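This report concerns only the one structure given below.
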2 protein chains.
Amino acid sequence: MMTQHCVVDLSMKNSKERILLAASKLFLNGGISALSVRAIARESNLSTIGIYSHFNGKQGILDALYIEGFTRFKNAVDVPINSDNPKESILAATQGYIETAINYRGHYLLIFGESVAHYLPSDEAKKSSVAAFLQTTKIIETLLPKDATFEQKRNTTLQIWSIVHGYIGLMHHAIAEEVDSAHWKGLILDTVSLHVDALIKLHQSV
Amino acid sequence: MMTQHCVVDLSMKNSKERILLAASKLFLNGGISALSVRAIARESNLSTIGIYSHFNGKQGILDALYIEGFTRFKNAVDVPINSDNPKESILAATQGYIETAINYRGHYLLIFGESVAHYLPSDEAKKSSVAAFLQTTKIIETLLPKDATFEQKRNTTLQIWSIVHGYIGLMHHAIAEEVDSAHWKGLILDTVSLHVDALIKLHQSV
DNA sequence: TGACAAAATATAACGGTGTTATATTTTATT
DNA sequence: AATAAAATATAACACCGTTATATTTTGTCA
């Protein structure tokens, strides 16, 4: 390989960047099973050991993709808050969440599937998941009275999140194969809508 | 190895049974990562090729565990129906579902995790998931008017199932690490209860 | 500029995986 | 008893994540 100086050249990018780019590409195209250390090395024109000097091996690659995934979800639910109409904000965030789950299915499976062989997110990766959860809480807590405790806010956020998360989990399952996939988004939004109404009534009456 | 005739001896059980027993044992103890073809062969006193002549290799083993998992869930939600109080039956089924998910976490990840490497359930395995879904529908449809279409029944079942399924998915996630695990069952049951009430009101007013 | 330390890279190997080709033994049938 | 069929064993293949070793490139300092 030639040595090049001071020339902007994609092939000369940071090895680290090239690795990450190759990993993302493989992951988006073929999911987790296409993401082998050797394949990343091939794709980024390095040898396998490069993945270990620049990242922490496969664990490091998965951590990077994990963080990328949760960052996308955090951004997806970062919608303008409408205090007069909490439901509107929540449905907008829900819609963003669903679209991200569909468009980045590999990431979704990685961060929620729990069973990618031997992978456990690092502490840093876990931080990204907590950040996404806190962002979601900001949207959901508009349903609650202002003096609600954090525990109440967290539990209500879990309620809504579980509904959406559960639907997405079932969406690609044989159980629901005969449900027209175009209808899923509507089904989820209807369910969240019904549940939000119930929560609003609950907190009005108390 | 000695040859034995017409003697009831556990060590002489069907090779097939021995393989399945070994696989179940390994799976319950160490999850999916403990379930290698060689480990099953060792545990069942056979060589690897036995797993291929008696089952369809690892695919066949996973299929058997998949069916075992869905059969457990089907049984868990098979509760007596109380037509006068649909909510009671639904909460009982929910409780059974949650307990099965906790006690058989490996099975839960296998049948819902979606990302066990390269495994896709066979048609026969899919049938077991559909059977569990239909059993659940029997419990949930008591919420609906008797002339409800199958599509309505199915969608309502999906609603309730998604809530429970979503909670269980989040339960073991870093997002919710600080939630006291003893509280989970209560949180889920409360949410299902609220949602069922909302559904009942919805169908009364229409 | 030349010498030397440090970082990056390459090669090859280790132990593990699912799978299969080949050979052998056991079982059942005629 | 002979033969076909089923079950089993051994060894190998191609892949995986990882790492020990060796080599090259890069950066720093005298």
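Keep in mind that this is a model prediction, so the values were computed, not measured. Numbers restart at 1 for each chain; the letters A, B, ... are given by sequence-line order, proteins then strands.
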For this session: Report yes or no: is the cationic atom of A:Lys16 (NZ for Lys, CZ for Arg) under 6.0 Å from the centre of the six-membered ring of A:Phe55, at an angle within 45° of the ring normal?
Result: yes
Residue [X], side-chain heavy atoms: nucleotide from [options] that is nearest:
X	options	result
A:Tyr52	D:dT10, D:dT19, C:dT9	D:dT19
B:Thr48	C:dT20, C:dA10, D:dG17	C:dT20
A:Val37	C:dG18, D:dG17, C:dA10	D:dG17

With a non-hydrogen cut-off below 4.0 angstrom, is [X] in contact with a base, only sugar-phosphate, or nothing?
X	answer
A:His54	sugar-phosphate
B:Ser36	sugar-phosphate
B:Leu35	sugar-phosphate

Between [atom2] on [N] and [atom1] on [X], what's the gap in Å once rounded to a whole number?
X	N	atom1	atom2	value
B:Ile49	D:dA11	CD1	C1'	11 Å
B:Phe55	D:dA7	CZ	C1'	15 Å
A:Tyr119	D:dC16	OH	P	20 Å
A:Leu62	D:dG17	CG	C1'	11 Å
B:Ile40	C:dT19	CD1	C1'	14 Å
A:Arg42	C:dT9	CZ	P	18 Å
B:Asn56	C:dG18	CG	P	14 Å
B:Leu46	D:dA6	CG	P	18 Å

Problem set entry | Upstream residue (5' side of DNA chain C) when A:Ser47 and B:Lys58 are each assigned their closest nucleotide | A:Ser47
For this session: Give me the ring orientation class for A:Tyr66 and B:His173: parallel if the planes are under 30° apart, tilted from 30 to 60°, perpendicular past 60°.
Result: parallel
Problem set entry | Lys/Arg-Asp/Glu bridge criterion (N-O < 4.0 Å) met for A:Glu177, B:Lys126 | yes
Problem set entry | A:Lys185/A:Glu99 ion pair, N-O < 4.0 Å | yes
For this session: For C:dT9, take OP1 and OP2 only and decide whether either is under 4.0 Å from a side-chain N or O of A:Ser15.
Result: yes
Exercise. For the base of C:dG16, is there a side-chain donor-acceptor partner from B:Arg38 under 3.5 Å away?
Worked result: no
Problem set entry | Side chains of B:Ile175 and A:Trp161 in contact at under 4.5 Å (non-hydrogen atoms) | yes
